[in-house]
Amino acid sequence: MAFNGFHRHPVGYLLVIGLFALSVNAIDIFLEWNVTLDFTIQPVSQQQPVIAINGLFPGPLINTTTNDFVHVNVFNNLDEPLLFTWNGIQQRLNSWQDGVSGTNCPILPGTNWTYVFQTKDQIGSFFYFPSINFQKAAGGFGPIRVNNRNVIAVPFPKPEDEFDLLIGDWSFDNYKITRSLMTNPTIAFDSIPNIMLMNGKPPFGNPEGKAFESFTVTQGKVYRFRISNVGTSLSFNFKIQNHNMLLVETEGSYTNQTILDSLDVHVGQSYSVLVTANQVDADYFIVASPKLLNATEFSSLVGVGVLHYSNSVAQPLGPLPTGPDPFDLDFSVNQAKSIRWNMTTGAARPNPQGTFNVTNVTISQTFVLQNSVGMINGLPQAVVNNVSYLTIDTPLKLADLLVNGSGVYQLDEFPVQSVNLNASFGVSVVTGNHKGWIEIVFKNNWEFIDSWHLDGFGFYTVGFGNGDWTPELRNTYNLFDPVVRSTVQVYPGAWTAVYSFLDNPGMWNLRSQLLKNWFLGQELYLRVHDSDPNPAKERPPPENLLICGVFNQSSVPASAHLRP
């Protein structure tokens, strides 16, 4: 996937050097995005609006290096407000740029706003997408690469080329119509998407589309595939006909290098695999099969692309390669447990990843979060511990700045270890102890695989288990080399446990990556606060800060806009 039109300039003597403690090699990347609702792209033969960026679906690649500054000037030409979030980019000390309803005022139709964020101390494969108004169901997503600095060795030889592969389920309906029908329990919790897209293209041989995704390789060469699940609800199993894959990275962590013939990718997750073109010159199927669905009954939900050898003259032959039984969750759990952190290699920093481990940490907080459906005022809502998040017009971070949250939310009213008796709405904001270790246990009461994501941090994925979680089950945790990632799957009727080190002050969104669940309230915010106003601890609001909700421009003290 090509990327378009960005400008790279040395930071030089800009004041921003002092503010952001740049390394000498960091650069500024300037992007200008024209976001439109396009009825001509038609990824399938349906008249439906697609959110395009500069006319592209998926959107353009953001190609960065550790510590770069990315400036994205977003022109909103939709007919409704818009925000983008940067899935897995930690926004170190700077939740002002996170792009979710709790941190940012939306970009209104006919206006533009510039995000400025740094890929501070990160490497890896990520993606961006619209975060409000159910807009992700219409597209607007695209890939993010954060490359290693030249001074940091990559733990594998440089591949011949890299390919971004965004795979996700897709529905034929206008996203606004679906959004308006979310009060219907069948639409909200039981409907199934229509098709699986690869980089916005339908499966090979599917009559609904005009094209399919294809990647050209040369025999004997090695290629890096950066695979992301950008869908709304379905996990999938990924495989390439007659080819093994070498797993090397997930969401900013280098993994122990494991040879796989297929890989489960859950909603919101990203992986890097190396593929060696070691077969005879031919074309081979690339397949993404949905989990917990019968692929024969839902054949259009099997994404199919092509690995094309440069000297091949024929289309791929034979039946699609088969993977594990889609209902075999033991396979998926065992594979998840086998994905371990590479403890000896560096990533964004020269010291080994294993320098930062959880073998002897002291846990200062434990959250136990259970998802379910709750009826509130006669309507279905997704709830966490029987509380459905109530999205309000005033960003929580803005309220913190101007009135210390007063009148906008009540800190720590959300039950972090228990389930309320009755379902209710709440503006759920909980304290995260600054520079403390938190343990979060996610319990999945749905009949499908859920995914949880935390902005601003990485999850040390320490445990998986069936049934209810109890403290005694900590004895089953992997505390030696758990992989660190930003999105973790939780299997039906099961639990997943993670650790995180809360060293990043800000207001951080903790959410289900399943779009309908998120839209219907399966989220909360973690407020990690450091009272020290030193911008080295947490950055002040940006000079282009937007004001909205219960505030107006006169509410903002002049000091809120000042930079040191």
Side-chain angles (χ1 to χ4, degrees), residues 1-8 23 25-31 33 53-54 56-72 84-92 97 99 115-129 140-168 198-200 213 215 217 222-230 238 245-255 263 265 268-275 342 345-349 353 458 484-487:
M1 180 185 298
F3 56 94
N4 293 4
F6 66 74
H7 308 286
R8 301 167 67 92
S23 69
N25 294 322
I27 62 172
D28 278 347
I29 298 172
F30 293 91
L31 303 170
W33 284 3
I53 301 173
N54 299 342
L56 300 176
F57 170 68
L61 168 67
I62 299 178
N63 197 18
T64 75
T65 298
T66 302
N67 295 339
D68 283 352
F69 292 92
V70 182
H71 306 244
V72 187
F84 282 98
T85 193
W86 323 94
N87 198 64
I89 301 300
Q90 293 182 358
Q91 308 291 355
R92 299 292 300 174
Q97 304 294 331
Y115 293 89
V116 183
F117 61 87
Q118 186 184 19
T119 54
K120 175 70 174 170
D121 291 338
Q122 287 191 267
I123 57 94
S125 307
F126 310 96
F127 63 96
Y128 58 84
F129 62 88
F141 45 75
I144 302 173
R145 299 181 192 172
V146 185
N147 304 296
N148 280 68
R149 293 176 291 161
N150 289 334
V151 296
I152 308 296
V154 177
F156 48 84
K158 181 178 175 62
E160 179 71 11
D161 203 353
E162 298 191 15
F163 301 120
D164 301 291
L165 182 47
L166 307 186
I167 305 174
M198 288 187 173
N199 285 344
E213 186 58 301
F215 300 95
V217 299
V222 178
Y223 298 85
R224 181 176 183 173
F225 282 80
R226 296 178 184 254
I227 306 158
S228 294
N229 185 336
V230 296
F238 179 84
M245 301 173 288
L246 184 67
L247 178 65
V248 294
E249 179 259 335
T250 179
E251 298 161 29
S253 287
Y254 288 123
T255 64
L263 173 66
V265 187
Q269 293 186 339
S270 299
Y271 285 97
S272 287
V273 298
L274 301 182
V275 177
N342 186 327
T345 187
R349 299 177 180 180
Q353 291 181 142
V484 181
R485 60 185 318 147
S486 62
T487 298

Please check if the side chain of [X] supplies one atom and the backbone of [Y] the other of a donor-acceptor pair under 3.5 Å.
| X | Y | value |
| --- | --- | --- |
| Thr66 | Lys120 | no |
| Gln118 | Asn67 | yes |
| Asn87 | Phe129 | no |
| Arg226 | Gly124 | yes |
| Gln269 | Thr487 | yes |
| Asn147 | Thr64 | yes |
| Ser253 | Val484 | yes |

Spacing of [atom1] belonging to [X] relative to [atom2] belonging to [Y], to within rounding of 0.5 Å:
| X | Y | atom1 | atom2 | value |
| --- | --- | --- | --- | --- |
| Phe117 | Asp68 | CZ | CG | 10.5 Å |
| Asn63 | Arg145 | CG | CZ | 5.5 Å |
| Ser272 | Leu247 | OG | CG | 8.5 Å |
| Asp164 | Ile144 | CG | CD1 | 10.5 Å |
| Gln91 | Thr119 | CD | OG1 | 9.5 Å |
| Phe30 | Phe69 | CZ | CZ | 10.5 Å |

[X]: side chain to side chain donor-acceptor pair (under 3.5 Å) partners, not counting sequence neighbours:
| X | value |
| --- | --- |
| Tyr271 | Arg485 |
| Ser228 | Ser270 |
| Asn229 | none |
| Tyr254 | Asn148 |

Nearest heavy-atom neighbours spanning [X] and [Y]:
| X | Y | result |
| --- | --- | --- |
| Thr345 | Pro155 | OG1-CB, 3.5 Å |
| Arg224 | Ser125 | NH2-OG, 4.1 Å |
| Gly252 | Gln353 | O-OE1, 4.3 Å |
| Pro60 | Trp33 | CG-NE1, 3.7 Å |
| Ile152 | Ala347 | CG2-O, 3.0 Å |

Between Leu165 and Phe238, is there a side-chain heavy-atom distance shorter than 4.5 Å?
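SC-SC contact between Phe238 and Leu165 confirmed.
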Measuring only between side-chain heavy atoms, which start at C-beta, is Leu31 closer than 4.5 Å to Ile62?
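Yes. Closest side-chain heavy atoms under 4.5 Å.
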Results of side chain to side chain contact (heavy atoms under 4.5 Å, CB included) for [X] - residues two or more places apart only:
| X | value |
| --- | --- |
| Gln122 | Ile89, Gln90, Phe126 |
| Val275 | Phe225, Ile240, His243, Met245, Val273 |
| Val222 | Leu274, Thr276 |
| Ser486 | Glu251, His453 |

Tell me every residue that passes salt bridge (Lys or Arg N to Asp or Glu O under 4.0 Å) with Asp161, counting only those two or more places apart in sequence or in another chain.
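With neighbours one apart ignored, the set is empty.
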Test side-chain contact (heavy atoms from CB on, under 4.5 Å) applied to Leu166 and Asn199, step by step:
CA-CA 5 Å; Leu166 307 186; Asn199 285 344; 3.6 Å; yes
What orientation do Phe215 and Phe163 show, parallel under 30°, tilted 30 to 60°, or perpendicular over 60°?
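Phe215 and Phe163: tilted rings.
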With sequence neighbours left out, what residues match Tyr115 under ring-ring contact (aromatic ring centres under 6.0 Å, His included)?
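Testing Tyr115 for ring-ring contact (aromatic ring centres under 6.0 Å, His included), a comparison that skips the adjacent residues, returns Trp86, Trp113.
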